[in-house]
Amino acid sequence: MGILRLAHVDITATDLELAAAYYTQVLGMDLTERTEDRLFLKCWDERDHHSLAIRHATRVGLDRFAFRVEREADLAEFERRVEAYGYAVQRVPAGSEIGQGESIRFELPSGHEMELVHDVVKVGGRLPLVNPRLNPESLIGIAPPRIDHLLVHAEEVPEVARFMTDVLDFRLTEQLLDGQGHQVIAFLERAHKPHDIAFVQGPNGALHHFSFWLDDWDHVRRAADILAFNGVTIDIGPTRHGITRGNTIYFFDPMGTRNEVFTGGYRPDPDFPTITWTDDNAGRAIFYYEGVVNQRFATVHT
Amino acid sequence: MGILRLSHAEVRVPDLELALAYYTEVVGLIETARVDHRAYLKAWDEHQHHSLILASAPTYGLDSLGFKVETSDDLDELSARLSAAGVEPERHAAGRLGPGSGDTVRFVAPSGHTIDLVHGMDQVGNGLPLHNPPPAPDDLVGMHPPRIDHIFLMCEDVDGVTAFFRDVLGFRLTEQILADDGHQLVTFLERSHTPHDLAFITGPDGAFHHVAFWVDEWNDLRNGADLCAYHGVPIDAGPTRHGATRGCGLYFFDPAGNRNELYTGGYWFDPDDEPTTWTEAEMGRAIFTYRGQVDPEFMTVHS
């Protein structure tokens with residue numbers, strides 16, 4: 001019951017051809033559908049129609065992000081709860097969005113449009129369901145098996161974190177407090193991992209990055225090789241986070257949207273105690289090896 | 001709601017001191033309590049009091065295993081479902097089944113295994129501070145897996161037992177190996193969105209095939225194999241890879257002959273995902289993909 005995991009991130013791009021080339025050849029995602037102004041992509045091990053949707057626009061940014069709920073009835077329950085909290089909910093009927101059935105959409109206190117969906121078009125993973133091999137043939141690029149999480153900005157992190165926990169039943173795994181004790185980063189999960197979504201202080205509605213899962217650190221190194229070969233701008237890494245304990249590389253798609261590949265972490269139970277990072281340890285919290293946060297990482301967003 | 005994940009296993013060992021030395025120094029678990037003829041251990045990143053209990057006994061094998069449930073109401077709900085299915089559970093208040101034990105519903109599954117459903121086990125922390133923690137404690141020894149992962153059991157009627165775990169306890173089937181006549185030889189069941197928390201393989205009722213601990217990386221399996229070789233721990237198989245679960249594993253035996261595994265990899269499983277099926281002809285690849293065949297020892301040796 002309730003929210004299972006991140007389903008898809010919907011971004012905008014100024015050049016769909018460039019985006020398609022990058023996300024299929026360098027990231028190694030599968031293009032599952034293409035319309036005049038949109039691309040739908042999935043990772044090889046994902047069974048849903050898409051985990052990334054890219055809409056052509058004159059500005060690079062974030063349209064919305066969607067989480068999958070366990071049961072259809074969860075949509076009505078969350079619609080009731082979000083409305084009871086005082087926020088408007090839009091029902092998006094089946095047939096109006098590609099790759100999925102009915103959904104609900106609402107605006108978060110951080111200004112982001114969030115969507116909840118249960119009924120998704122299942123296109124299947126690349127492996128058969130009888131006697132599968134271990135990996136599909138002819139994977140190209142980084143080829144992560146699935147999307148993992150996203151990080152977005154919020155002017156008032158405590159306000160949106162409270163909404164996520166009180167209304168949507170997310171659980172706070174870790175937080176960073178500034179010198180005044182004010183929450184400036186909040187990590188929230190539903191899928192029993194360090195985060196499915198995180199909020200960091202910054203402009204409302206902005207996207208910091210979305211991230212793909214890799215199975216181990218060797219794959220992170222291999223991803224760095226592929227990024228370097230293709231001339232992709234690496235923001236930072238391979239390195240490690242204090243928060244989440246994950247291993248990472250950050251890099252930019254050709255239009256400036258930040259991507260990440262991520263592995264590691266831990267498995268928090270729902271009763272996991274929240275870990276707190278203080279201002280004097282902010283560098284290590286974000287980049288454990290460097291101990292400082294680079295200016296670009298702290299300020300560039302889309 | 002319902003069962004979250006595997007919580008713990010209670011394993012019999014004839015020589016408690018020997019087993020403790022192995023589990024703390026080679027595997028690298030942490031001893032949290034010892035009472036009478038039982039020792040309680042946890043993996044370093046676990047917050048709960050124990051994930052492995054060693055019970056001194058004249059023989060080896062499995063006494064019981066436990067699953068953690070999300071809320072205390074789940075115990076009542078699952079207890080009612082067990083009764084309705086004709087299995088009479090016993091209820092034990094927190095602390096009654098030993099140090100650290102939570103509120104427990106205990107029953108005997110149709111496979112002959114004693115199973116505990118637990119809520120509220122004592123929480124002892126993972127050895128890291130809750131403020132500005134380093135990624136790991138600095139005094140870990142041996143293989144030091146961060147947590148328990150899954151358990152593999154044997155039973156005579158895999159079809160019937162699998163149906164029981166799905167229908168009564170809400171487990172979901174991720175993969176199965178089918179015999180040519182269509183019956184289930186091996187089934188993989190999950191509650192935690194991983195390839196398996198529990199698996200059954202055809203064999204004697206009540207038998208124990210192995211308990212597995214999670215490691216983060218393939219490199220950890222190589223380090224585990226190094227440690228086995230150095231300490232003279234008999235390696236059963238691996239480091240290798242499974243077709244079923246797509247995980248990577250290393251199997252070895254504790255000094256009493258109970259099989260252990262270090263495991264990594266796998267995938268995320270949604271509750272409505274379709275299971276993967278392996279045919280009898282492909283069973284070798286399903287279990288050990290690289291060799292394409294299963295040693296008779298792996299199929300027959302259990303405790």
Side-chain angles (χ1 to χ4, degrees), chain A residues 1-2 4-5 45-48 68 70-71 118 120 122 124-125 127-135 145-146 148 174 176-177 191-193 213 215-219 240-247 263-278 280-282 284-285 288, chain B residues 1-2 4-5 7 45-48 68 70-71 119-120 123 125-126 128-136 146-147 149 175 177-178 192-194 214 216-220 241-244 246-248 264-268 270-279 281-283 285-286 289-290:
Chain A
M1 292 209 294
L4 270 177
R5 59 168 169 83
D45 200 28
E46 291 171 336
R47 301 183 184 192
D48 299 358
R68 183 156 195 248
E70 187 164 352
R71 294 167 199 185
H118 171 74
V120 289
K122 293 285 184 182
L127 298 174
L129 289 176
V130 177
N131 301 328
R133 48 188 292 164
L134 292 167
N135 300 292
R146 61 183 180 271
D148 189 75
E174 307 205 31
L176 173 66
L177 306 182
H192 308 292
K193 53 201 186 59
W213 175 261
D215 281 335
D216 69 25
W217 168 250
D218 279 351
H219 296 174
R240 190 165 196 192
H241 298 300
I243 299 184
T244 77
R245 288 193 224 143
N247 305 292
T263 189
Y266 49 83
R267 188 179 194 285
D269 280 345
D271 54 4
F272 183 81
T274 299
I275 294 166
T276 298
W277 295 79
T278 53
D280 53 338
N281 275 264
R284 281 185 187 278
Y288 196 73
Chain B
M1 301 237 278
L4 272 174
R5 60 170 174 82
S7 165
D45 199 26
E46 291 169 335
H47 289 255
Q48 65 188 37
K68 180 174 179 176
E70 185 163 356
T71 69
H119 180 261
Q123 299 293 300
N126 66 349
L128 296 175
L130 289 176
H131 281 74
N132 307 322
R147 60 181 185 271
D149 188 78
E175 306 206 26
I177 304 176
L178 295 185
S192 69
H193 309 289
T194 59
W214 174 263
D216 285 336
E217 308 264 346
W218 167 254
N219 281 350
D220 296 322
R241 190 154 191 207
H242 303 299
R246 273 192 244 148
C248 302
T264 188
Y267 48 81
W268 169 273
D270 269 359
D272 55 357
D273 276 346
E274 292 285 318
T276 293
T277 298
W278 299 80
T279 56
E282 288 289 316
M283 184 159 177
R285 284 190 192 284
T289 303
Y290 297 153

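- Contact annotation: the side chain of B/Arg5 approaches that of A/Asp269 to within less than 4.5 Å [non-hydrogen atoms, C-beta and beyond].
- Contacts with chain B were tallied for A/Pro132, A/Gly242, A/Pro145, A/Ala285; A/Pro132 has the most, counting heavy-atom pairs under 4.5 Å.
- The contact between A/Tyr288 and chain B is made entirely by side chain atoms (from C-beta outward), counting heavy-atom distances below 4.5 Å.
- For B/Asp220 and B/Trp218, the side-chain atoms include no donor-acceptor pair closer than 3.5 Å.
- No side-chain heavy atom of A/His192 sits under 4.5 Å from any side-chain heavy atom of B/Thr194.
- By the 4.5 Å heavy-atom criterion applied to side chains, B/Glu175 and B/Trp278 are counted as neighbours.
- In this structure, the portion of A/Thr274 lying under 4.5 Å from any heavy atom of chain B is its backbone and not its side chain.
- Contact of B/Asn132 with chain A is made through backbone and side chain together, with heavy-atom distances under 4.5 Å.
- Between chain A and the residues B/Asp272, B/Asp270, B/Ile177, B/Asn219, the largest count of heavy-atom pairs under 4.5 Å involves B/Asp270.
- Side-chain N or O atoms of A/Arg68 include one that pairs as donor or acceptor with a backbone N or O of A/His118 at under 3.5 Å.
- With respect to chain A, the highest number of heavy-atom pairs below 4.5 Å among B/Glu217, B/His193, B/Glu282 belongs to B/Glu217.
- For A/Asn247, the part lying under 4.5 angstrom from a heavy atom of chain B is the side chain only.
- Evaluation of the side chain to side chain donor-acceptor pair (under 3.5 Å) rule for A/Asp271 yields B/Lys68 as partners, not counting sequence neighbours.
- Heavy atoms of A/Asn131 lying under 4.5 Å from chain B belong to its backbone as well as its side chain.
- Per-residue counts of heavy-atom pairs under 4.5 Å with chain B were compared for A/Asp45, A/Asp218, A/Asp215; the largest is that of A/Asp45.
- Proximity to chain B is absent for every atom of A/Arg284, based on heavy atoms less than 4.5 angstrom apart.
- Proximity to chain B (any heavy atom under 4.5 Å) is restricted, for A/Leu127, to the side chain, taken from C-beta onward.
- Options A/Pro273, A/Gly264, A/Gly124 differ in how many heavy-atom pairs under 4.5 Å they form with chain B, and the most are formed by A/Pro273.
- Residues passing the side-chain contact (heavy atoms from CB on, under 4.5 Å) test with B/Leu128, sequence neighbours excluded: A/Arg245, B/Trp44, B/Asn126, B/Pro133, B/Pro134, B/Pro137.
- The parts of B/His131 that come within reach of chain A are both its backbone and its side chain, each placing non-hydrogen atoms under 4.5 angstrom from that chain.
- Of the two parts of B/Thr71, neither the backbone nor the side chain holds a non-hydrogen atom closer than 4.5 Å to a non-hydrogen atom of chain A.
- Rounding to the nearest 0.5 angstrom, the gap separating the CZ atom in A/Arg47 from the CH2 atom in B/Trp268 is 13.0 Å.
- Using a 4.5 Å heavy-atom threshold, the side chains of A/Val130 and B/Thr276 count as separate.
- Within the 4.5 Å cutoff, the side chain of B/Gln48 has heavy atoms near those of the B/Ser7 side chain.
- Looking at B/Trp214, neither its backbone nor its side chain comes within 4.5 Å of chain A, counting heavy atoms on both sides.
- For B/Glu70, the part sitting under 4.5 Å from any heavy atom of chain A is the side chain, from C-beta outward, and nothing else.
- Looking at B/Arg246, both its backbone and its side chain come within 4.5 Å of chain A, counting heavy atoms on both sides.
- Atom CZ of A/Arg71 sits about 10.0 Å away from atom CG of A/Leu4, to the nearest 0.5 Å.
- In terms of modelled atom types and a separation under 3.5 Å, the side chain of A/Lys122 and the main chain of B/Asp273 share no donor-acceptor contact.
- The part of B/Thr289 that comes within reach of chain A is its side chain, from C-beta onward, which places non-hydrogen atoms under 4.5 angstrom from that chain.
- Here the two rings, on B/His47 and A/Phe272, have centers that are under 6.0 Å apart.
- Each of A/Asn281, A/Leu129, A/Ile243 has some count of heavy-atom pairs under 4.5 Å with chain B, and the biggest count is that of A/Leu129.
- Proximity to chain A is absent for every atom of B/Arg285, based on heavy atoms less than 4.5 angstrom apart.
- For A/Arg267, the parts lying near chain B are the backbone and the side chain together; criterion is any non-hydrogen pair under 4.5 Å.
- Per-residue counts of heavy-atom pairs under 4.5 Å with chain A were compared for B/Ser192, B/Pro146, B/Gly243; the largest is that of B/Ser192.
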